[in-house]
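All residue numbers refer to positions in the sequence shown, counting from 1. Start at 1 and go down the list; that is how both ligands and their atoms are numbered.
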Amino acid sequence: MIICKSARELEMLYTAGQVVAGAIRAVSEAAAPGVTTGELERIATAFIRKRHGVPAFKDYNGFPGNICASVNEEVIHGIPSRLRQVKSGDIISIDVGAIVNGYVGDAAVTLPIGEIDADSARLLEVTREALTKGIEQAVIGNRLSDISHAIQTYVESKGFSVVRDYVGHGVGTTMHEEPQIPNYGKSGRGPRLRRGMSLAIEPMVNIGTYEVKVLADKWTVVTKDGARSAHFEHSIAITEQGPWILTQLDG
Ligand code: MG
């Protein structure tokens with residue numbers, strides 16, 4: 001069942017979303033050559049705790065980190081480590097979830113470290129824009145798969161591929177609610193979008209094949225061909241005025 005939230009509940013989701021957005025900004029400012037993914041995790045965690053939030057990923061299905069930090073060919077679910085330094089030319093996907101007063105915010109960005117190559121820069125730009133294209137479809141009266149279709153069509157028109165095995169999701173008092181939101185598919189399918197739905201839309205885009213595999217640590221998802229991948233995510237709410245981006249600073 002898809003839970004439609006009241007105006008008050010959407011405000012609670014917005015509060016959580018702003019904590020996530022602030023944590024991502026703090027991490028973005030620190031993401032430079034030589035920093036470890038463990039240090040980025042520490043920064044995000046301190047930011048969330050200071051605002052009376054709880055990192056949402058820790059122990060979720062047993063995940064060992066407070067955030068996900070996924071470098072280069074890693075797609076999602078990278079485990080932060082004090083031993084993992086990033087260097088100029090890398091890209092790093094940072095996924096942050098926080099629970100604030102019982103409501104969850106969930107967002108992700110992919111950041112360039114120092115100077116990155118042109119293909120990687122294009123990958124980041126296309127993935128960020130794909131998220132925007134998806135959000136634009138999150139309006140009352142559309143169907144769920146209109147979001148999926150807009151993302152896939154845009155990404156493939158730019159020569160990249162969308163990951164099939166992991167999807168966006170509803171977000172509320174738990175991190176993963178119904179519905180699932182694939183980043184591919186035909187338009188005009190699935191439930192009609194209604195006021196008060198809150199969704200985490202999260203395209204994962206690969207330079208090469210869309211196929212992925214999970215590493216021996218049982219968490220880190222990487223591309224099968226080793227080519228790079230990017231991930232952008234926002235939690236949004238569907239309102240009469242259009243999509244409300246809960247995890248964008250200042251809404
Ligand atoms: Mg998510």
Side-chain angles (χ1 to χ4, degrees), residues 2-3 5 10 12-24 27 40-41 44-45 48 53-70 74-80 92-100 102-111 127-128 130-135 137-138 144 147-148 151-152 155 162-185 190 193 197-206 212 214 219-221 229-238 243-248:
I2 302 175
I3 304 165
K5 281 79 175 180
L10 292 186
M12 302 289 282
L13 284 168
Y14 173 72
T15 300
Q18 292 301 292
V19 172
V20 167
I24 284 178
V27 168
L40 297 177
E41 175 189 44
T45 305
I48 292 166
V54 177
F57 298 164
K58 178 74 175 176
D59 297 329
Y60 189 89
N61 294 332
F63 185 74
N66 287 323
I67 66 168
C68 300
S70 310
E74 298 171 1
V75 181
I76 49 168
H77 302 167
I79 302 167
I92 182 168
S93 298
I94 298 291
D95 195 345
V96 176
I99 309 165
V100 182
Y103 287 80
V104 178
D106 187 7
V109 293
T110 302
L111 303 166
T127 310
R128 188 191 294 110
L131 173 57
T132 301
K133 300 279 185 207
I135 292 172
Q137 296 300 317
L144 187 71
I147 298 171
S148 316
I151 291 170
Q152 180 183 22
V155 167
V162 292
V163 171
R164 277 23 174 200
D165 292 3
Y166 299 88
V167 298
H169 49 91
V171 63
T173 53
T174 59
M175 191 160 56
H176 293 125
E177 291 184 350
E178 284 183 49
Q180 294 199 347
I181 312 169
N183 295 301
Y184 64 96
L193 301 179
M197 287 181 178
S198 47
L199 309 172
I201 301 174
E202 49 176 321
M204 290 149 255
V205 175
N206 298 348
V212 298
V214 181
W219 280 106
T220 313
V221 176
S229 182
H231 180 210
F232 282 83
E233 174 179 26
H234 270 308
S235 298
I236 64 109
I238 294 173
W244 181 16
I245 305 177
L246 304 166
T247 48
Q248 185 159 281

>> Quick one, Q180 with H169, criterion side-chain contact (heavy atoms from CB on, under 4.5 Å). Give me CA distance, side-chain angles, the key distance, then yes/no.
In response: CA-CA 4 Å; Q180 294 199 347; H169 49 91; 5.9 Å; no
Of all the N, O or S atoms in E233, the one nearest to the Mg ion (ligand 1) is OE2
Original post:
Is the Mg ion (ligand 1) less than 2.8 Å from at least one N/O/S atom of H169?
Top reply: yes
The atom of E202 among N, O or S that is nearest the Mg ion (ligand 1) is OE2
Set out, in order, the CA-CA distance, both residues' side-chain angles and the distance that settles ring pair (Phe, Tyr, Trp, His ring centres under 6.0 Å) for H77 and Y166, then state yes or no.
CA-CA 11 Å; H77 302 167; Y166 299 88; 5.8 Å; yes
| query | Got I92 and E74 here, is their nearest side-chain heavy-atom distance under 4.5 Å? | reply | no
* Asked: Counting only N and O atoms by type, is there a donor-acceptor contact under 3.5 Å from the side chain of Q18 to the main-chain atoms of L246?
  -> yes
Of all the N, O or S atoms in D106, the one nearest to the Mg ion (ligand 1) is OD2
